[in-house]
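A short write-up of the structure that comes next.
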Amino acid sequence: MADKPGAPARAWQRMLSGRRLDLLDPSPLDIELVDIAHGLARVARWNGQTVGDHAYSVAQHSLLVEAIFTRSARSPSPRDQLAALLHDAPEYVIGDMISPFKSVVGGGYKAVEARLQHAIHVHFGLPPELPQTLKKAIKRADQIAAYFEATELAGFSTAEAAKFFGRPRGISADGFDLAALPAKVVQKAFLKRFSEISRTQS
């Protein structure tokens with residue numbers, strides 16, 4: 001529903017938890033895990049252009065990235081694993097914009113994304129800005145996941161995927177289940193993995 005003419009533009013979104021999240025100035029107090037899990041499980045990767053009966057969701061991608069990161073890193077801490085799991089968490093609010101469109105939109109999108117990511121990190125006890133070494137490790141896991149998704153789900157050739165995401169070394173897609181799952185199944189899996197990581201922190 002559009003705002004009334006002359007009224008200030010609405011910059012918040014109402015979540016199913018009842019929270020109202022201000023997109024321009026998000027508060028860590030308005031972040032809820034259930035909203036993140038629900039939203040990410042219903043946001044499609046690759047603009048929905050993937051094979052299977054269900055959309056391959058950002059929640060499932062996040063689980064894959066965390067699994068690749070955990071397998072590749074040397075004794076990652078639970079906080080590092082949590083950062084990997086939440087690396088795309090802002091997309092529960094702003095959706096998953098494919099990289100070519102991000103480059104067209106420019107800095108405004110990135111600024112909103114960064115503010116949301118900072119609020120999410122603070123809410124879950126992570127540094128607002130991750131150390132560069134950790135960011136690079138998570139980004140590499142993200143690129144490996146993108147390569148697997150591109151070749152297994154999104155119709156890319158191996159050469160094309162390697163050009164855009166790099167060719168993974170020392171790791172293959174065989175050890176990961178890439179079949180797109182129903183939203184409710186992925187939502188539960190995301191919450192379960194978050195709980196598992198959180199328990200190892202205490």
Side-chain angles (χ1 to χ4, degrees), residues 1-48 50 54-67 78-99 101-102 105-130 135 138 142 145 149 180-199 201-202:
M1 183 172 169
D3 294 320
K4 292 180 180 179
R10 178 168 65 90
W12 53 265
Q13 179 178 348
R14 186 189 186 283
M15 302 297 169
L16 285 178
S17 66
R19 295 287 188 182
R20 288 189 178 190
L21 185 65
D22 187 333
L23 303 184
L24 300 180
D25 187 22
S27 168
L29 298 175
D30 289 325
I31 304 296
E32 295 287 351
L33 178 62
V34 291
D35 292 330
I36 293 174
H38 182 95
L40 293 185
R42 288 160 178 79
V43 175
R45 288 270 292 169
W46 306 96
N47 271 354
T50 51
H54 304 282
Y56 187 83
S57 70
V58 175
Q60 195 165 353
H61 165 76
S62 298
L63 288 163
L64 177 61
V65 170
E66 189 273 319
R79 289 180 68 186
D80 291 350
Q81 291 173 301
L82 191 59
L85 184 66
L86 296 171
H87 79 283
D88 275 341
E91 294 180 8
Y92 88 103
V93 179
I94 56 179
D96 180 34
M97 191 181 292
I98 59 174
S99 296
F101 195 54
K102 281 183 183 178
V105 172
Y109 176 90
K110 289 184 178 296
V112 172
E113 184 180 40
R115 285 194 291 268
L116 284 165
Q117 190 69 277
H118 287 182
I120 290 164
H121 281 181
V122 170
H123 178 83
F124 293 111
L126 298 171
E129 188 69 30
L130 298 179
K135 286 178 73 171
I138 294 173
D142 191 22
E149 294 165 7
L181 300 171
K184 287 185 178 180
V185 173
V186 179
Q187 182 177 342
K188 288 181 180 178
F190 187 93
L191 290 169
K192 179 183 177 185
R193 184 57 186 149
F194 182 95
S195 178
E196 290 170 348
I197 294 171
S198 297
R199 281 200 301 268
Q201 282 186 292
S202 11

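In what follows, residues are counted from 1 in the order of the sequence shown.
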How far does CD1 of Ile31 sit from CG of Leu21, to the nearest 0.5 angstrom?
5.0 Å
As an exercise, state the distance from OG of Ser27 to CG of Asp22, rounded to the nearest 0.5 Å.
9.0 Å
I'd like to check the side chain to side chain donor-acceptor pair (under 3.5 Å) partners of Glu66; sequence neighbours left out, ordered by chain and number.
Thr70, Arg193
Can you tell if the side chain of Asp30 reaches within under 4.5 Å of the side chain of Arg20, non-hydrogen atoms only?
no
Just by distance, no angles: are the side chains of Gln187 and Arg42 close enough, under 3.5 Å, to form a donor-acceptor pair?
yes
Is the backbone N or O of Val65 less than 3.5 Å from a side-chain atom of Asp142, with the two atoms forming a donor-acceptor pair by type?
no
With a 3.5 Å distance limit and no angle check, can you tell me whether Arg19 reaches the backbone of Arg14 through a side-chain donor-acceptor pair?
no
What's the spacing between Leu85 CG and Glu196 CD if we round to 0.5 Å?
10.0 Å
Check whether any side-chain heavy atom of Glu149 lies under 4.5 Å from a side-chain heavy atom of Leu64, and answer yes or no.
yes
Output the distance between atom NZ (Lys192) and atom NZ (Lys188), rounded to the nearest 0.5 Å.
11.5 Å
Exam field: side chain His54 to backbone Ala180, donor-acceptor pair closer than 3.5 Å:
no
The criterion is ring pair (Phe, Tyr, Trp, His ring centres under 6.0 Å); which residues satisfy it with His118, sequence neighbours excluded?
none
Minimal heavy-atom distance between Ala83 and Leu130, with the atoms involved, is CB-CD1, 3.9 Å
Shortest non-hydrogen separation from Ser62 to Phe190 and the atoms involved:
CB-CE1, 4.0 Å
Verdict with reasoning, Trp12 to Leu23, per side-chain contact (heavy atoms from CB on, under 4.5 Å):
CA-CA 5 Å; Trp12 53 265; Leu23 303 184; 5.9 Å; no
Set out, in order, the CA-CA distance, both residues' side-chain angles and the distance that settles side-chain contact (heavy atoms from CB on, under 4.5 Å) for Tyr92 and Asp35, then state yes or no.
CA-CA 7 Å; Tyr92 88 103; Asp35 292 330; 3.8 Å; yes
4.5 Å side-chain heavy-atom contact, Asp88 and His61:
yes
Decide yes or no for Val93 and Met15: does some side-chain heavy atom of the first lie under 4.5 Å from some side-chain heavy atom of the second?
yes
Would you compute the distance between atom CG of Leu33 and atom CZ of Phe194 and round it to the nearest 0.5 angstrom?
5.0 Å
Taking C-beta and beyond as the side chain, do Thr50 and Arg45 meet within less than 4.5 Å on heavy atoms?
no
Please check if the side chain of His87 supplies one atom and the backbone of Ala84 the other of a donor-acceptor pair under 3.5 Å.
yes
Stepwise side-chain contact (heavy atoms from CB on, under 4.5 Å) check, Asp25 with Arg115:
CA-CA 7 Å; Asp25 187 22; Arg115 285 194 291 268; 5.8 Å; no
With side chains defined as the heavy atoms from C-beta onward, is the minimum distance between His123 and Leu29 less than 4.5 Å?
no
Scan Ile120, Ile36, Val58 and name whichever one has a side chain to side chain contact (heavy atoms under 4.5 Å, CB included) with Pro90.
Ile120
Considering all heavy atoms of both residues, which atom of Ser57 and which atom of Ala41 are nearest to each other, and what is their separation?
CB-O, 3.5 Å
NE2 of His121 to CG of Leu116: how many Å apart, nearest 0.5 Å?
11.0 Å
Should Leu86 and Leu126 count as side-chain neighbours, where that means a heavy-atom distance under 4.5 Å?
yes
Could you check if a side-chain atom of Tyr56 sits within less than 4.5 angstrom of a side-chain atom of Val186, using non-hydrogen atoms only?
no
